[in-house]
Amino acid sequence: MMPLNFCSDSEDDPERTPKSTSENTMWHNVISCYNDTRTHVVVELFNTEKSYVESLQTIVLKYLNQLKSPENSGLVDAQTVDEIFFMVPAILNIHERFLEELRRRLDSWDKMQMIGDAFVDVFSRPVILDTYTAFVNNWNRAKDAIRSARQKCPAFARFLEAMAREHKGKLSLDNLLIKPVQKFPNYELIFTRLIKHTDVTHPDQKPLQEALKLVHDILIFLNCKEKEALENGQRETALRELEGVIEGMNDLVTPERAFLLFDLVSMPSGQVTRKERGFFLFNDLLVITSIKRRSGTIRKTNMTCPGSVASTLDTNKYKYLTKISLDDLEIVKSKDENVRRIMKEIEHLSEDSSKLIEISDKAASLRCPHGALEEAIRELQREVQRQLAERQTNDAQLNVLELTWNTSNGIQNMTVVFSKPEKRTQWEEIFAEAKQKLANSLERCQIPDFFVSVPIRKTRAGLQFTCASPTLGVQKDVWVCNSDGYVGQVCVLSLVPEPSVTSCNGVCNARILCVSSVPANEERTSNSSLMNVNISIVDASMNSAPNRPNNSMVSSSPSKAAERKGSFKSTDGSTQRTVTNNESNIQLDSGSSSEDSDAESQPDRVVAGQTCANSLTPNHRQQDSTASTNAADESENQQSTMWLGTEDGCIHVYNCTDNIRIKKNKIKIPHVSAVYSILYLDNRVFVSLANGDICVYSRDRNGWNVSSPLTVTVGTVSNPVVKLLNVHGKLWCAIQGTIKVLNTKTLQIDSQIQISNDSKPITNMTVLNDYVWISVQNSAHIKCCHHESFEIIFEVNLAPSVNKMLSNCDDIIRQHKAACLRVTSLLACKDLIWVGTSAGVLLTIAAHNVAKGSSLPAVTGLPHGHTGHVRFLTFVASPDSETELVQEGTVSSAGAQNLTGGKSSKASHQDLLVISGGDGYEDFRSAGNNTMSEVAGREDSTNHLLLWKV
C-alpha cells in the first residue's frame, strides 16, 4: 500500500480547477477584495475540497451506479462491485457536508471569519476515523479486485477505459480511488500554511491548531493501521505457507499466532537410535514433525525469516506428529557440575580469545622488532581456538536439551539433541522469551477450553434464544428460553451424564424476556416471617420517629391498609396506596386475598395445554387443609424456584426440579406491563416492569407473598428500567443512558450515574470485583465504571478484536458484520469478562487487575462462536463440582447475574461451564474454508449452545 504521508494533489491536476464560472468570479472577487495570503489559502482549501468531492462523485455516479445498473450487471458480480467501492459513498457524504460549510463561510467572508472550527466539527466524529480506516484497510483488496476483474472480463476492461476517456482529467479508476488515501496529507499542508498566515490574535488561530492536531492524529492512526494490516498479512501468509509445508497440519492460522523459529533436531528412540525431527516454534505452540528426505542429505537449516518458509524447507518432507502448547512445556535446567564446568571453560576461552586479539593489535603498533612476540601471540590464539572448538564439538552434553511435557497422563520427559551448542542456546533463548510473553498474556487473559456444541432444533420458524439460567440444587440443568413473539418456550439442557437437551416445551403465549434462579428459603423462623418483622419495624418507625423518610408507607395486613387514606390499584388488580418523594414512589399492595384468588383460579392458556394451579402462598392456601397437606406444601415451598418474566406482564414460577414437559407452573403473577428483569437479592425478588416500576416480592417460611409486593417507581413508561444488577448489595437500575442506584434497605435512590451522553439506552451490565462493565445500544464499546466513585475508568473498543476473528470470513460478510457491530451480552465469570457480539464472535477481557491509571486490559477473541447474534451468556457449576454455587451467593440468572455483587467467593475455585446461546455455530479459524462455510450456512437455521470449561 502506498504510504499515507505524502501529498498527491499536484498543481497541474485539472481536477483542481473550479468548474463553475460564477464561482470562479465570486472567489476572484473575494481574493481581490481582501488580497491577503490567508484568503488565498482558504480559497485554495475550498477548490481542492471541491475537486475532491467531484472525484468522489465521479466514482459513485460514473462507476458504482453504472456497474450496479441492469444494463451493466453482467460486467462484474455485485460482490466484487461492493468490494471495489467499499466506503466510498460514506466518504463522499462526509466531504459534501464539509464543502457546503466552506461555501457558506466564503459566501459571508471577512477577515475575522473562521475555518478551523468547521473542520473540527465535521472530522472529530468517531465515524470519520472508522470510515477512513475501513477504506484504507480495504484499498489493496479493491486494487486486486479491479485487476482480477479486468483480466477475467475484457468488457469490464473496456468499460474502465471508456470511463477514463470521458473524465476531464483522463484519470483511471485506480487514480481516482487513491485520492482518499492522499487526502489527509493534503489537509496537513494547507492547515500548516493557514496557521502560518493567520495572526496569533485571530480567533481562528486556536481552532486551526486544533484542526492541524486532529489531522496529524488521524494520519498517525491510519499509518499505524496500514502497517498493522501489512504485518498481519505477512504473518498470516507465513502460517499458510507452513500449512502447505507440513503434511497433515491445517489449523495453524489464528489471529494471534506468529511463527518464530525452525530447527532440525534428533530425539532418542530406544537405547541407541535417534530419529530426526523438525521443531517448528510459534509464539504459543511447538509443532513436532517427522522428516523424510526428498533427495540427498537432509539440509540442516535454521530459518528465522518467515517470508521464506516454503523456499527454505521444500528440500525435505515434513509430516505432522504432534503439537504442544508452550504453556505445557518447560526446560529442565541441568544441575550437572560437569556441564557447568564445560560452559565456564568455554566462557573463559572466549574471553581469552578476545584479549589475544587486542594484544595482537597493540603489538603491531610497536616500533621495535617484535616478530617473536607476534609468533607467540598467534600460537596462543591457535591453541585457544583449538581448545574452544574441542569443547564445543566433542562435549555432546552441550547440545542436549531436556524438556518436560505436561500431558493428561502426567508429566513426560523429552530429550532433544541440537546439531551445535549455539543452536541449542538460540532455541532456548527464543523459547524462554516466548514463554514469558505467553505467561504475561495468559495472566491478563486466560483462554478457556472449548467443551462442546449443542444444537437445538427450532420447533417453530423464527424461534430465537432470549435468556437462560441454571437451576439450583443437586440437579444440574440449565433452562434456556426462546421465543418467536407469539410463544414462549423453555428448553432444558441437562449436564448429566453429558450435555444434551432433554425437552423443549411451550409454557406461555408471549415472549420470555428474562429468567432468574431463586434459591430456597433458608430462614426457619416459627412465629413471624422476615416480611412481618420488617413491616413491624417500619410501622413502629412511622408512629414514633419524627425524622422518618416521607416515602416509607407500608402495611402489615389488609385491615390496616383500609385505615390509611386513599385507595389504589396494585400490579395484580388489588388496591394499594402510593406516597411520592422527589426520588421515587413506594407502594404496598393491600387488596383482599379473595380477589387475587379469583384471578389466580383462572386456567393459564399455554401452547402445550398446561393449566396453572392456585397460588401456593399463605394468602391463597385453604385454612382447613390437613396437616399432611400443609407439611407437603411447606416442603415444596422450601425448594429453589425458576422465575420467568414475559412480554405480556406475567411471571411464571416453577420449582427447579419440575419436569417442564408435564408440570404446570406453581405460581402465575400478573402485572400491568412487560417484565424486563428479575433479580434475587437478600431473600427478596426485584422485578422491573415496562411502566417504570420495580416490584419487590418477599416471603416467609411458608412461601412467597405475591398478593402484596412493594412497588417502587424508579423510571417512567417512556424510560423504564430495562436491566437490574446487584452491585455490592445495592441495586443498579438501567434507565436509558442513566443508572439509578437503589438502596435495597430504604428503597430510595442513593445516586444517579450518567453513562451515555447521547442518551443511548444501556443494554447490558455485569460486575466483577469493584467494577461494573456496561454496554450501550448499537455500540461496539464497553465502559468500565467504579462501583463507589462512579467514575468511568476506561472504555474498551471491541471492534479491532472482532475484526481479527473475522479476518478469514468472506469479505462481504466480514464488512457487513463489522459495519453493524454491537455488544449483545455480557457476563462476569471468575476473572474474565465475557462479551457476546452481533457478529457471533465471543471475546474475553482479563479484568481482575483493573485499576485507575492501568493500561487497557487484553481482549481475546475465542475461535468458536456463532454465525449470528450471541443472544445470551450464562454459567453453571460443573456437574462434578462439590460445592453448590448458591451457598456462596453466586447464582446465574438472566444475563448471568452474579449475585455476589462483584465480591469474590469460593465459586472462583470451582469448575464452571460458561454457556453461550446464539444463531448457528461457527469455527472462526476455518471460516474461509469453503466446506466449512457451507456447513455453517446450513446450520445458521439451528440455534446452538456452546459450552466452555473455566
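Nothing fancy with the numbering, it's 1 onward along the sequence.
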- Task: Verify whether the ring centers belonging to Phe221 and Tyr132 lie closer than 6.0 Å.
- Result: no
- Query: Quick one: does Ile833's side chain get under 4.5 Å of Thr766's, heavy atoms only?
  - Reply: yes
- Item | Beyond-backbone contact of Tyr52 with Ile91, side-chain heavy atoms, under 4.5 angstrom | yes
- Query: Do Pro185 and Leu219 have side chains that get closer than 4.5 Å, going by heavy atoms?
  - Reply: yes
- Spacing of CG belonging to Leu56 relative to CG belonging to Leu176, to within rounding of 0.5 Å: 8.5 Å
- Task: Flag yes if more than 12 heavy atoms outside Lys62 fall under 6.0 Å of its NZ atom; otherwise flag no.
- Result: no
- Task: Check the pair Lys111, Asp199 against salt bridge (charged side-chain N to carboxylate O under 4.0 Å, His left out), reporting the backbone distance first and the verdict last.
- Result: CA-CA 11 Å; Lys111 288 189 175 181; Asp199 192 89; over 6 Å; no
- Pair Lys435 + Asp284: basic N to acidic O under 4.0 Å: no
- Going from OH on Tyr771 to CG on Leu768, what distance comes out if it is rounded to the nearest 0.5 angstrom? 10.5 Å
- Query: Can we say Arg38 and Asp204 salt-bridge, meaning some charged N sits less than 4.0 Å from an Asp/Glu carboxylate O?
  - Reply: yes
- Message: With no hydrogens and no angle check, just 3.5 Å: does a side-chain donor-acceptor pair link Arg822 and His869?
- Response: yes
- Looking at residues at least two apart in the chain, or sitting in another chain, which of them share a salt bridge (Lys or Arg N to Asp or Glu O under 4.0 Å) with Lys213? Asp217
- Item | Side-chain heavy-atom pair Cys785, Ile774 within 4.5 angstrom cut-off | yes
- Task: Please check if any side-chain donor atom of Ser775 sits under 3.5 Å from a side-chain acceptor atom of Asn764, or the reverse.
- Result: yes
- Task: Check whether any side-chain heavy atom of Leu826 sits under 4.5 Å from a side-chain heavy atom of Met765, and report yes or no.
- Result: no
- N-O pairing of Arg105 and Asp117 below 4.0 Å: yes
- Message: Could you tell me if the side chain of Phe280 sits less than 4.5 Å from the side chain of Leu242, heavy atoms only?
- Response: yes
- Check: Ala258 main-chain N/O paired with Asn283 side-chain donor or acceptor under 3.5 Å: yes
- Item | No-hydrogen, no-angle side-chain donor-acceptor test under 3.5 Å, Ser172 and Asp174 | no
- Message: Could you check whether Glu83 and Gln815, counting side-chain N and O atoms only, form a donor-acceptor pair closer than 3.5 Å?
- Response: no
- Message: Between His786 (side chain only) and Glu788 (backbone N and O only), is there a donor and an acceptor less than 3.5 Å apart?
- Response: yes
- Message: With a 4.5 Å cut-off on side-chain heavy atoms, are Leu798 and Ile845 touching?
- Response: yes
- Message: Around atom NE2 of His216, are there more than 12 heavy atoms from other residues, nucleotides or ligands closer than 6.0 Å?
- Response: no
- Message: Distance alone, cut at 3.5 Å: any donor-acceptor contact between the side chains of Glu49 and Tyr187?
- Response: yes
- One should read off an interatomic distance between Met163 CE and Leu61 CG, to the nearest 0.5 angstrom, of 11.5 Å
- Let me see the working for Arg97 and Glu100 under salt bridge (charged side-chain N to carboxylate O under 4.0 Å, His left out), right down to the final yes or no. CA-CA 5 Å; Arg97 175 184 172 188; Glu100 187 56 37; over 6 Å; no
- Message: Any side-chain to backbone donor/acceptor pair from Thr37 onto His197? Under 3.5 Å, distance only.
- Response: no
- Take His95 and Phe123 through the ring-ring contact (aromatic ring centres under 6.0 Å, His included) test and state the conclusion after the steps. CA-CA 9 Å; His95 289 273; Phe123 289 92; 5.3 Å; yes
- Task: Check side chain to side chain contact (heavy atoms under 4.5 Å, CB included) between Asp144 and all other residues, then give those that pass, not counting sequence neighbours.
- Result: Arg147
- Residues at least two apart in sequence or cross-chain that pass salt bridge (Lys or Arg N to Asp or Glu O under 4.0 Å) with Asp130, listed by chain then number, are none
- Query: Side chains of Gln209 and Gln205: is there a donor and an acceptor less than 3.5 Å apart?
  - Reply: yes
- Could you tell me whether the side chains of Glu795 and His781 share a donor-acceptor contact shorter than 3.5 Å? yes
- Message: For His816, I'd like to know if atom NE2 has over 12 heavy atoms of other residues, nucleotides or ligands within 6.0 Å.
- Response: no
- What distance separates Lys183 NZ from Thr48 OG1, expressed to the nearest 0.5 Å? 4.0 Å
- Are any non-hydrogen side-chain atoms of Leu842 and Leu873 less than 4.5 angstrom apart? yes
- Identified side-chain contact (heavy atoms from CB on, under 4.5 Å) partner of Phe191 from the options Leu212, Thr198, Asn186: Leu212
